[in-house]
Each structure stands twice: as structure tokens, then as C-alpha cells.
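Before any comments, here is the structure.
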Amino acid sequence: MIFWADKTAEKIIRREKKLYRTECGLGASGIPHVGSVGDGIRAYAVTLALEDRGVPSEFVAFSDDRDGLRKVPRGFPAFLEEHIGRPVSTIPDPFECHTSYGEHMSSLLLDALDKVGVRFVFQSGTMAYEDGTLDDVVVEALNNWKEAGQIIFEMTGQKKYLEQLPFNVICSECGKIYTTRAYEWIPEKKKILYVCDQEFKGADSKTGKELTVSGCGHRGEASIRDGKLTWKVEFAARWKALDISFEAFGKDILDSVRVNDHIAKEIFHIRHPVHAFYELFIERGGGRISKSKGNVFTPQVWLSYGSPESLRLLMLKRLGTTRVVDVEEIPKFMNEVDSLKKIFFGKEKITNEREEQHVRRLYEYVTFLHPPDHMGLLINYYTLVQLARMLPKTVENRFALFKDILMRSGLIDEEFSDEELCQKIEYATNWVEEAEEAEEEEVSLSEPERSALRRLAEKLPEYTDGEQIQELIFLTAQEHQVKPGRFFQVLYRVVIGTDRGPRAGTLISGVGPQRVSEMIMKAI
RNA sequence: GGGCCUGUAGCUCAGUCUGGCAGAGCAUCGGCCUUUUAAGCCGAGGGUCGCGGGUUCAAUUCCCGUCGGGCCCGCCA
């Protein structure tokens, strides 16, 4: 097997379990970035690979909703400032539609996973602590906290946990989790002594100002359910408690994972899960999105311009290399899905047999191992973008026009459903309206060109036939001593904003001569 | 201070794991609808695979070094 998820599954399956669980952590402290669904999609791919081998598997989405809020996200209400340092599951939902801030955020991610077609079992971190799921592993960690602290120190040089328990208590007075220091573990009572005397630096991303959050000074005694393990041991703890066989992770938490792998072995006496390491995504420009609207690049944004398949492709294709990802990449991935599909259905050949196998398997995973029976619609995304550019949403019979132009130009002749086409048109339309960089190049017109355009605009409404319109354009150009080539270029620029396009007559008769006439008049 | 990714055609990148004539898309150029710009088709040009060494019959691929681009960790979660 040559696909990474299959290789990973082969490794995992040697562990001989009844049920193989894959896992990913879900951040719940901010609006999820498109990269955040990657963990889930990758873990789910491994679950599919395991099931494909006939063993049961499930994917657990573990929400880190007991993590504290460290900064107020851009555009969020100011009252959140006073909640900095508290677990996100105890902070009110600023949108008032969920029971907490944390629940709101993780619901966004779960919604995205759902839309992408990932099946998962949800586990709230807060619940896992509160209902005792993690009791045993917390006790085990705390009983060995000195040793754990030593491991952390040796691996990272961090001295903090030589002196304090790897456990963040939620202060019973002020409710903050990042300002406490747990200094004593009383095994026989299963109690933790702590003091709320720490400082940490949060931030308000709106103002950019740094906020120092201080503890309230409270001293208290906490139970093992009144806080959470620190990340450096928590992963290992939940791997054990939930019996996790696989977890992917990004470069940002590489250190934590290394430590946890070690902790898993030394403290919890389990084999750490099989991992898949991936590089992070970086954003280049972000297009218009972030600039004008202050939007972050969420999975939902991706899914408004691209299909679930395209997003899966992004996440599954390659793990190990840094990728630039922004909205401009979406059309490329849409087209790549089509090209994988072509190869899968044998419409296009790859000479390298190995590569062909890889591509076919990749396509299967892009469909989450449910490839369609028929190839269906293949259409270049940019083609739809161009069409969408000249057929605004308000045009009557928009879908019929799209279809007609595409059919007539022979771009779609395979079997496909209207639904399929409609969906792709919608993606491209959203793309044109929101994501495309408007390249408003001024058309500099010479006098003859201007008068030729005016003349054309006057005559156009009298015509309906594409061929005759084509003829009209040509004659108009000649009458005004404009080179036809130049005139067509000008015309395309005025009508659809590019230098070239489909046969002009067909195009104009499709869009409607009256409409085009108005567009020309407006432009000159 | 520690670590990761990356450098291949004008541009964006495959290919490197598993060594075997250097690839795609876009762009460029030429040709093709009886006069025109054809979201199409056919064809062409274009690369010292960052640089220097090593291993090998053979290196873009493996090893060592080096230079450039970028990122993560070094608070915490």
C-alpha cells in the first residue's frame, strides 16, 4: 500500500484491539481556522483505512473546552476581557446561542466536520473531567508527578513541573485556571492544595494591548475533577483513558507530543498511539476576505467556494510539507479533484503505474472510500468563474443560461445531474462575489474604439442570433477602422473583464443582447 | 538555543521515500472554425533540478557540507 493512511492503518492494526480509536483535539478558544479541520479529516481517514481492513474503528473528537481563554478574538465583545484565564466552558456565549463560549466555538468545528462528512464521537474535555472518565489517569499522573516533572525537565528544560503538580486547578474563588499553582498532592484524600497567585499575559487582539491577568490570592483545596492536567501529560492521560490508537499532530505541538509519548510509556505504561506528523498551513494573502471583511479563513468559508471533496484533498494529499493555503487555492483543488476523478475512471492515463495507484487511492480517500458509480460532471472551475462573472445572480433563467452556454460550447457533454452543475455554479458564484481580487484595469479606449462600441451598443438589441451578432461585431469594427482583434479584446474587457472569452456572438446571445448593450453603455 | 519544511521551465508546483533519458498546469509562440480572438483542438520553444563535495555503472532523487526562502518551539494550552 502506498497511501499514508493505509500504511498508518497497517501499523496500528498490529496492536490487536477490539476497537481502534483515532482521536483529535479540538481547540475551543477561538474561531476555528480552516487548518483545524485537518486533524479531524486525517484521523477520520485513518479510521476509514482501519474499517477498510475489516476492523472496527471510531474517531473521537475531543474538545479542549477546559482550556482557558487567553485572548479576546478580534471582533468579539469587550466583556470577554474579564473572563480571560477562565476555562472556555465556563464563559458565557457572546452569541447567546450555546451554553458557553467554548461550546459555541467547538460547535463551529463540529459543524464543519459534519459538512465535510466526517463521522465522529464527540467528547467534551470538561465532561470527561467532571464525570470521572479521567479520574484514574489523573490520580496516576499525580501519584507520579515528580517523575513526570523530571521527564518534562529533561526533554524540554522546563523547570516548572519539578516544583508543581502538572495540574491546573480552577480557582474556586475567581474561576480562573491559568493563575493557580498546585503545590501539594495528598494521595490518601485525593486532594490538591493550590494557591491562586500566578500571573499570565493575555491579550485583546482588537486593541493589541497586552493584559496581565493576576490570581486572586485564594488558597484552597481542590478535587481531581476541579481542573485539568497540563498538556504535557494530558495527552498521554487521555490516550490511556480513551484507549487511543492514532492521533495526528502538527508541528506546533511537536514538543508536547514528544513529551507525552515518553510520559505514556514511563508514567502510564502504555504504548503511545501511532502518529502522523504534518506541517502547518500558512496563509499568503487571504485574498479579499480578511482585508475587507475581517473574516478569518474558516472551514465554512472554504466550503462556500469549494466542495467537501476539495477540502478533503487539501488535508489528505500531503502531510509533510508546508503549504500555502488561502482562498485563491480553492479553484486549484476543485480542478484537481476533477483530474483525480478522470484518472480514477480511466478517462486519463498515467504512465507511471505506481503513481497511478497512488492517485486512484487518493481519490478514494477524497470520497471517504465511497467513490461514485459514474464520473459525473467535469468542469474547470475557472470556466464557471468566468461565466459567473458575466451572469450576475439577478439574471433571469440563470441556470438555464449557464447550462446552455456550456452545452453549446461542448464543455459538458458527459452525463451529469443538474444538481451537480447547480452546486458548482454556486461555488463559483460565491467565489466571484466575495473572494476574487477585483482587477479593475481601466480600459483605455481610443476615439474610434469608443464610437465603435457605442454603435455596437445601439445595434445589438435588434439581434438575437449568435452568428449574426458575431458578424455585426466584425463589421462594426471595420466600419470604424478598428482592428477586429483589438475590438474583440476591448469588448471582452468591457463585458467580462478579461482579454479573451468564448465566441463573442454565442456569448452575447446567451447573456442577452439588451443586457450587453447596457453594459457597454455603462462602460464608455 | 532546539527543530521542521522548502529551493526543479517566465509563474505555480509534481517527481525525491523505492536512484534509471527532467514532468504538469498556466503563460509565451505557431497552426486550426470559407473574412474576426476558439473559455476548444493540434503543435513548438523554454530548466547547469540553489551551490560544493561524496557514494554509485548511473544522483533532481541517497549521504555530508554550504547558501537562500519560510515556519514551529524556546510562555502556556
Side-chain angles (χ1 to χ4, degrees), chain A residues 2 4 7 25 27-30 64-71 85 87-88 125 155-158 160-161 166 168 177-179 198-203 213 228-235 249-259 277-284 317-324 328-329 331-332 335-336 339 348 350-352 354-355 358-359 379-387 389-390 405-406 408-413 467 470-478 482-493 496 498-507:
Chain A
I2 49 180
W4 69 266
K7 287 184 193 163
S29 51
D64 289 312
D65 56 5
R66 200 162 244 198
D67 288 356
L69 182 68
R70 30 190 66 254
K71 61 179 184 182
V88 291
M155 296 189 73
T156 67
Q158 189 180 4
K160 183 171 174 178
Y161 295 107
N168 298 319
I177 190 169
Y178 286 162
T179 50
Q198 301 291 293
E199 272 192 357
F200 93 100
K201 295 200 186 330
V213 177
K228 75 187 290 289
L229 292 168
T230 182
W231 265 21
K232 297 244 161 44
V233 300
E234 188 188 52
F235 295 168
F249 67 93
K251 183 160 71 174
D252 52 337
I253 57 166
L254 188 133
D255 269 351
S256 291
V257 171
R258 270 182 40 233
V259 172
F277 168 81
Y278 58 88
E279 277 281 347
L280 268 29
F281 294 115
I282 55 176
E283 280 184 62
R284 186 163 27 204
K317 187 184 175 188
R318 277 195 309 172
L319 302 188
T321 59
T322 309
R323 314 277 299 278
V324 171
E328 322 244 330
E329 295 289 304
K332 294 183 192 167
N335 288 340
E336 190 171 347
S339 105
E348 203 168 281
I350 290 186
T351 44
N352 184 325
R354 205 187 146 70
E355 196 186 333
H358 184 263
V359 166
I379 180 78
N380 188 301
Y381 195 90
Y382 293 108
T383 301
L384 291 177
V385 163
Q386 290 191 44
L387 275 175
R389 207 185 270 139
M390 65 187 185
I405 294 172
L406 290 171
R408 249 195 290 176
S409 57
L411 286 168
I412 48 174
D413 50 2
E467 283 311 308
Q470 186 77 11
E471 188 75 7
L472 171 68
I473 297 167
F474 180 63
L475 290 175
T476 309
Q478 284 190 325
V482 179
K483 275 169 80 179
R486 169 65 187 167
F487 192 56
F488 274 93
Q489 188 182 341
V490 165
L491 186 60
Y492 282 115
R493 196 147 267 297
I496 55 178
T498 62
D499 281 348
R500 40 175 52 221
R503 192 172 170 82
T506 318
L507 171 71

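Naming: A, B, ... by sequence-line order, numbering from 1 per chain.
- Taking the C1' atoms as reference points, G1(B) lies 38 Å from C11(B), given to the whole Å.
- Atom CD1 of Ile473(A) and atom P of U37(B) are 12 Å apart (whole Å).
- Ring to ring, Tyr278(A) and Phe249(A) are not that close: their centroids are 6.0 angstrom or more apart.
- For Leu472(A) against Thr476(A), the heavy-atom pair with the smallest separation is O-OG1, 2.5 Å.
- The side chain to side chain contact (heavy atoms under 4.5 Å, CB included) search around Gln470(A) returns Phe488(A), Arg503(A), Ala504(A), not counting sequence neighbours.
- Distance CZ/Phe235(A) to CD1/Ile253(A): 4.5 Å, rounded to 0.5 Å.
- Under the side-chain hydrogen bond (donor to acceptor under 3.5 Å, both in side chains) criterion, Gln158(A) pairs with Lys232(A), not counting sequence neighbours.
- Spacing of P atoms, C26(B) relative to G3(B), comes out at 43 Å, to the nearest Å.
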Discussion item. One character per nucleotide, please: for nucleotides 27-33 of chain B, 5' to 3', B when the base has a protein heavy atom closer than 4.0 Å, S when only the sugar-phosphate does, - otherwise.
Written reply: ------B
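- Taking the side chain to side chain contact (heavy atoms under 4.5 Å, CB included) definition, one finds that Asn335(A) meets it with Asn380(A), Tyr381(A), Tyr382(A), sequence neighbours left out.
- Separating the C1' atom of G19(B) from that of A58(B) is a span of 8 Å, rounded to the nearest Å.
- A59(B) and G50(B) are spaced 15 Å apart, taking the P atom of each and rounding to whole Å.
- C13(B) atom P lies 6 Å from atom NZ of Lys332(A), rounded to whole Å.
- Contacts of Ser256(A) classified as side-chain hydrogen bond (donor to acceptor under 3.5 Å, both in side chains), with partners at least two apart in sequence or in another chain: none.
- Between Leu491(A) atom CG and A38(B) atom P the separation is 13 Å, expressed in whole Å.
- Nucleotides A9(B) and G23(B) are separated by 14 Å at their P atoms, to the nearest Å.
- Evaluation of the salt bridge (Lys or Arg N to Asp or Glu O under 4.0 Å) rule for Glu199(A) yields no partner, not counting sequence neighbours.
- Scanning for salt bridge (Lys or Arg N to Asp or Glu O under 4.0 Å) contacts around Lys228(A) gives Asp67(A), Glu234(A), with sequence neighbours left out.
- When the P atom is compared between C49(B) and A22(B), the two are found 10 Å apart, to the nearest whole Å.
- Annotation: side chain to side chain contact (heavy atoms under 4.5 Å, CB included) contacts of Ser29(A) (sequence neighbours excluded): Val88(A).
- Remark: Tyr178(A) pairs with Phe200(A) by the ring-ring contact (aromatic ring centres under 6.0 Å, His included) rule, at least two apart or across chains.
- Contacts of Asp65(A) classified as salt bridge (Lys or Arg N to Asp or Glu O under 4.0 Å), with partners at least two apart in sequence or in another chain: none.
- Across the protein-nucleic acid pair, Glu467(A) atom CD and A38(B) atom C1' stand 12 Å apart, rounded to whole Å.
- Residue His358(A) contributes atom NE2, which lies 20 Å from atom P of A24(B) at whole-angstrom precision.
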Worksheet entry | Sequence-aligned protein contact record of nucleotides 72-77 of chain B, with B where the base is within under 4.0 Å of a protein heavy atom and S where only the sugar-phosphate is | SS--BB
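- Rounded to the nearest Å, the gap between the C1' atom of C72(B) and that of G30(B) is 49 Å.
- When rounded to the nearest whole Å, the span between NZ of Lys317(A) and P of C13(B) equals 11 Å.
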Worksheet item: Dot-bracket for RNA chain B, 5' to 3', counting Watson-Crick or G-U wobble pairs under 3.5 Å, with [ ] for crossing pairs and | for inter-strand pairs?
Response: ((((((((.[[[[.)....(..]]]].(((((.......))))).....[[[[[..)....]]]]])))))))....
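- Taking the P atoms as reference points, G47(B) lies 35 Å from C4(B), given to the whole Å.
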